[in-house]
Amino acid sequence: MEKSYEPKEVEKHWYEFWEKEELFAASELSDKKSYSIVIPPPNVTGVLHMGHALNVTMQDILCRYRRLRGDNVLWMPGTDHAGIATQNVVEKKLTAENTNRHELGRKKFIEAVWEWRNQYGSAIINQLKRLGASCDWKLERFTMDEGLSIAVRKVFVQLYNEDLIYRGNYIINWCHRCHTALADLEVEYEEIEGHLYHIRYPFPDGSDGIIVATTRPETMLGDSGVAVNPDDKRYQDIKSSSVILPILNRQIPIITDTYVDMSFGTGALKVTPAHDPNDFEIGKRHGLPEIKVIDDNGKMTSDAGKFEGLDRFECRKAVIKALKEDGLLIKVEPIKHNVGHCYRCKTIIEPNLSKQWFVKVKPLAEKAIEAVKNKSTRIVPEMWTNTYYDWMNNIRDWCISRQIWWGHQIPAWTCEKCQNLVVAMESPSICPCCGSNSLVQETDVLDTWFSSALWPFSTMGWPEETKLLKTFYPTSVLVTGFDILFFWVARMMMMGLHFMNDVPFKDVYVHALVRDEDGKKMSKSKGNVIDPLSIIDKYGTDSFRMTLAVFAAQGRDIKMSEKRVEGYRHFVNKFWNAARFALMHLTENHSELKFESMSLPDKWILTRLKNVTDIVSDAIDSYRFNDAASTLYKFVWHELCDWYLEAIKPCLYGNKGEKKKEAALSVLQRVFHDVLILLHPFIPFVTEEIWHKLPGTEGSIMKAVFPADVNDFESLLCDLASEPMMDIVMEVITGIRNVRGEMNIAPSVSLHVILHSDNDFLGSIVSNNEDIIINLAGLKSFASGKPGIRPKKAATTVIGDAVIYILLEDVIDFAKEKERLEKELAKLKNEISGLIKKLNNEDFLKKAPDDVVEKVKDKHNLALAKQQKIISNLEKIKSIEEE
RNA sequence: AGGCGCGUAGCUCAGGGGGAGAGCGCUACCCUGACACGGUAGAAGUCGUUGGUUCAAAUCCAAUCGCGCCUACCA
């Protein structure tokens, strides 16, 4: 074995091995318990980022763990066709080739997208593999696949027939750059420094009129009214029922509506039903005309009069100029306000009147709320439940049509002759209404999230009644970031319940975001993105995964930096070397535990192993990945390496006889065997590599059995008394080392140590394990016995009931020793005074539970005894000095 | 505006009513036959602030300050 772990070749080798051996494959039918996860499908245009890395690592930990526990695991992989993003990518490519999609035409363009997808679409999948993802790749799905497309059609048609999908002219969010409608969710609001323009709308008789305030003066061209609050005293006495719209000189009505906020601006609101969602509602209430002045390209329409053809922002300037000239611009004040931007391209979106398709979500949402309320689906951590309810309760209809070409074309046809609308699975040949054969399909496609919403069952073959569905639906857990809780999770809940009559997943584990070192969100524009692949290249996948797992505490974002990963590379390397050491001695199989000849450290480490096994499985079961990972870290480094391996070295070198050696070897093998399995979900590559070198193993570690599931484990291995006993041995050793350190005695100097104690239990433990103490404390000799004559020139330390004398014939520095003891005494006195305060408190004695009181009393007695011993040691020094 | 979360060692964070913890960093010593990506020891914290509940509060409650995020139709 290499002196340091080199991940590159190991990772490549074992990943290929796993795939070749089909170790990731799920069984369609099996007697085993089913466990299933569908991957949140990354965009087909995507490049692996930290979010994916965390998300996939967690799912992989769960899947590998469940396999080790004997479950039939399905981890369903795939990608999402990402309508707008993918279309953008391909359009860019076309531009570079000096053409565009309109020149190509719809059919050719779609072909071009498929070509692109076939060429580049597996990039993200290959990157997931670098993370060690154990998805069943044979089942890989894509939202535009034929099967998934049939599912989409079926859902659309059924929802339409159930009146849960409708088409209509409504105000929607329009992105001029992407040239499509967006759902409300796809608009990101950002605070912007803008201006609030106060504009006078004169009365028809030319008198003062009403002053309105707006941040988008260009929309005034589409105004069809001015609204004031009916309770607003300022406007009670107005005689006129209308005003004149400046520039266009249209007469528009003054209406009253309680929506208007009297405290904002002048309390008068210009109403533009075609370009503002609220105005749209007001317009509907008052029957105002909807005048569209900005077209789908961001240019002014003919209704904008002389501004026709002008860009919307150019028009704003022109309108202001015109108003100024007419003396109708009263004032301009700076204002901070939220402006919506397209989540894909950051263009300022324009609320626009448009004919679109919508899903009526209320009825679907009710079932989705109920499913969480009655715990059919559990959201972890629980704090997200409220956010989920909140959103679900205030949900608005979902605009699902997109004016792009790449996606699932809406299965609706209009008869050119009679205008009849047909929604059907298959393209109809004649109009069922008038028999005409000139039917034209709707050109819009569906929102990508519409198909993602079906992911948990469409990937398993729905609408067919497949074995996969029977075995694996509903899925066990969905692992995702909170940023798509609404986009995706909520919608899957609605669709799953509606079409499968069951929740899509029993648990939703919502994990945190990965941020940069300073806690900022990683983004390309900020330039603070850390590329997971470069981290993997540099430190290895296992180190990276371990880092993610250790920092994945519930409810807190992860601040990622290379330095962190470096720390966990050290861990992987430490483990590698521990294994290297073990394997140097494990030259043959020692799978049978030799319980009779075990030493204390043998029994101790097995007990600790059992304990750690329980903690780790508990933690993974409840999605506390950080607890599981750090428990293993501590166990491997600070118990296995720091104590156990060091303690058994004399045995392994044969200094303690063949039987002891055999026992130690058997324990060593067992501990490595089990700890490899425990670690495998976190660091799959290095554990597989070592597994194959460890005697007594066969095949892949992926087929191993989790230690907690082995029968008789507890009775076979655990000796609970070994923990307190080993604690004493470790304390004695640490005590001696401590003196050595504080007295500045070089490690090369070996010492004589004498231990005095009245306590027979302690005495026997110490004498039974003196070889370990000698070895680990670096001693020349160690003697223990009942208190007797004190050695003269010795430094002392107190452990429990024992006084330890470290003989320092030539090197003792009494001043230093005195200082040391006094320092310790001061610490102890502090502790004692705290304990006394408690014990003097009658309420404490009366009300605190007995075991707590006992504990405090014990501690107090122990501290007193220790104090006594230190004081006498100090006196001894003084008397020696006086001699 | 409403909701959620977070303030614990220099840094990054665990913990969550009865002993303040880890990793990194720092200091000292050590290339001891797995590992210098290492070992041993050490220094370091009024657990944001103020009240309350309790025999007991870093932990529960209330308020307050600071930070972050999410949701919302303020023109």
Side-chain angles (χ1 to χ4, degrees), chain A residues 1 3-5 184 189 196-197 212-216 219 227 259-261 263-272 276-282 335 337-338 351 381 383-384 386-387 390-391 394 396 482-483 485-486 512-513 515 517 519-521 539 543 550-551 553 555-561 563-564 566-585 626-627 630 633-634 637-638 641-642 645-646 649 653 734 737-742 744-748 776-778 831 834-835 838 841-849 851-853 855-856 859:
Chain A
M1 278 173 89
K3 197 170 165 182
S4 37
Y5 174 60
D184 294 338
Y189 289 88
L196 188 63
Y197 300 90
V212 300
T214 180
T215 53
R216 295 186 299 153
T219 62
Y259 165 77
V260 181
D261 180 356
S263 62
F264 189 90
T266 59
L269 172 71
K270 61 189 267 313
V271 183
T272 324
D276 184 282
N278 302 307
D279 293 9
F280 179 77
E281 297 294 328
I282 297 172
I335 187 174
H337 62 140
N338 280 329
M383 62 174 178
W384 291 106
N386 277 336
T387 312
D390 217 49
W391 190 74
N394 298 310
R396 292 168 54 181
F482 60 81
D483 46 335
L485 190 62
F486 307 137
L513 239 51
R515 299 171 177 279
E517 274 183 275
K520 295 208 182 69
K521 209 168 164 172
Y539 302 99
S543 316
V550 164
F551 283 98
R556 193 191 279 264
D557 287 347
I558 298 175
K559 291 185 196 166
M560 178 53 68
S561 78
K563 203 125 188 249
R564 301 267 154 74
E566 203 184 333
Y568 290 91
R569 179 182 61 175
H570 295 174
F571 169 74
V572 172
N573 190 57
K574 180 79 181 178
F575 182 61
W576 173 260
N577 273 289
R580 193 161 76 104
F581 170 77
L583 293 169
M584 282 165 63
H585 295 94
N626 59 322
D627 284 349
S630 57
Y633 181 102
K634 280 181 202 159
W637 202 310
H638 299 302
C641 291
D642 286 354
L645 295 185
E646 295 302 331
K649 274 178 181 174
Y653 290 125
T734 309
R737 283 170 172 174
N738 177 301
V739 172
R740 191 192 269 283
E742 294 201 354
N744 277 328
I745 299 158
S748 52
L776 295 188
E831 193 193 326
L835 291 168
K838 267 194 172 174
N841 183 343
E842 280 196 23
D843 281 330
F844 172 73
L845 297 176
K846 236 188 306 180
K847 293 180 183 170
D851 60 312
V852 173
V853 176
K855 227 162 125 186
V856 172
K859 228 168 44 206

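Just so we're clear, the structure is a prediction, and the values are computed from it rather than from any experiment. Order of the sequence lines sets the chain letters (A, B, ...), proteins ahead of strands, with each chain counted from 1.
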- Message: Does the plane of the ring in A:F482 sit parallel, tilted or perpendicular to the ring in A:W384? Use 30° and 60° as the thresholds.
- Response: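 Aromatic pair A:F482/A:W384 classed parallel.
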Applying a 4.0 Å non-hydrogen cut-off, can you work out what [X] is touching in the nucleic acid: base, sugar-phosphate, or nothing?
X: A:S748; result: nothing
X: A:A746; result: nothing
X: A:R564; result: sugar-phosphate
X: A:Y653; result: base
X: A:K574; result: base
X: A:D261; result: base

Nearest-Å distance for atom pair [atom1]/[atom2], residues [X] and [N]:
X: A:D557; N: B:C4; atom1: CG; atom2: P; result: 18 Å
X: A:R737; N: B:C30; atom1: CZ; atom2: C1'; result: 13 Å
X: A:N338; N: B:C69; atom1: CG; atom2: C1'; result: 15 Å
X: A:N573; N: B:C35; atom1: CG; atom2: P; result: 10 Å
X: A:Y568; N: B:C35; atom1: OH; atom2: C1'; result: 18 Å
X: A:F551; N: B:G15; atom1: CZ; atom2: P; result: 13 Å
X: A:D851; N: B:G17; atom1: CG; atom2: C1'; result: 13 Å
X: A:K838; N: B:G17; atom1: NZ; atom2: P; result: 15 Å

Where the side chain of [X] is defined as all heavy atoms beyond and including C-beta, which of [options] is the nearest nucleotide?
X: A:M383; options: B:C4, B:A75, B:A34; value: B:C4
X: A:Y633; options: B:A34, B:C29, B:G23; value: B:G23
X: A:R580; options: B:C73, B:G38, B:A34; value: B:A34
X: A:R569; options: B:C55, B:C37, B:A75; value: B:C37
X: A:P747; options: B:C73, B:C29, B:A34; value: B:C29
X: A:T387; options: B:G18, B:C70, B:A34; value: B:C70
X: A:S4; options: B:A75, B:U12, B:C37; value: B:C37
X: A:V260; options: B:U71, B:G33, B:A75; value: B:A75
X: A:D627; options: B:A75, B:A34, B:A14; value: B:A14
X: A:K634; options: B:C30, B:A22, B:A28; value: B:A22

- 5'-to-3' dot-bracket of RNA chain B (Watson-Crick, G-U; under 3.5 angstrom; crossing pairs as [ ]; | other strand): (((((((..((((....[..)))).(((((.......))))).....(((((..]....))))))))))))....
Taking atom [atom1] in both [N] and [M], what distance in whole Å separates the two?
N: B:A58; M: B:G21; atom1: C1'; answer: 12 Å
N: B:A9; M: B:G15; atom1: C1'; answer: 15 Å
N: B:U46; M: B:C55; atom1: C1'; answer: 22 Å
N: B:G7; M: B:C13; atom1: C1'; answer: 12 Å
N: B:G38; M: B:G48; atom1: P; answer: 32 Å
N: B:U50; M: B:U59; atom1: P; answer: 12 Å
N: B:A28; M: B:C6; atom1: C1'; answer: 37 Å
N: B:A36; M: B:G25; atom1: P; answer: 16 Å

Student check: side-chain heavy atoms of [X] and [Y] closer than 4.5 Å:
X: A:F844; Y: A:V852; value: yes
X: A:F486; Y: A:D184; value: no
X: A:H585; Y: A:Y653; value: yes
X: A:M560; Y: A:F551; value: no

- Item | Closest non-hydrogen atom pair between A:D276 and A:N278, with its separation | OD1-N, 2.8 Å
- Message: Minimum heavy-atom separation for A:V212 and A:T266, please, with both atom names.
- Response: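 Heavy-atom minimum between the residues: CA-OG1, 3.8 Å.
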- Can A:S561 and A:K559 be counted as having a side-chain donor-acceptor contact under 3.5 angstrom? no
- Would you say the base of B:C35 and the side-chain of A:K3 have a donor-acceptor pair closer than 3.5 Å? no
- Using only heavy-atom distances, decide whether a donor-acceptor pair under 3.5 angstrom links the side-chain of A:E646 to the base of B:A34.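 Answer yes: a donor N or O sits under 3.5 Å from an acceptor.
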- If you pin A:H638 and A:E566 to their nearest nucleotides in RNA chain B, which one's is more 5'?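 So the residue in question is A:H638.
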- Message: By nearest heavy atom, map A:H570 and A:A582 onto RNA chain B; which one lands nearer the 5' end?
- Response: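 Whichever sits nearer the 5' end wins; that is A:A582.
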- Item | Distance flag, aromatic centroids of A:Y633 and A:Y568, threshold under 6.0 Å |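 Aromatic pair counts; centres sit under 6.0 Å.
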- Task: Tell me, please, which residues at least two apart from A:Y189 pass side chain to side chain donor-acceptor pair (under 3.5 Å).
- Result: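 Applying side chain to side chain donor-acceptor pair (under 3.5 Å) to A:Y189 gives none.
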- Task: Return no unless some side-chain N or O of A:R396 is found under 4.0 Å from OP1 or OP2 of B:A72.
- Result: no
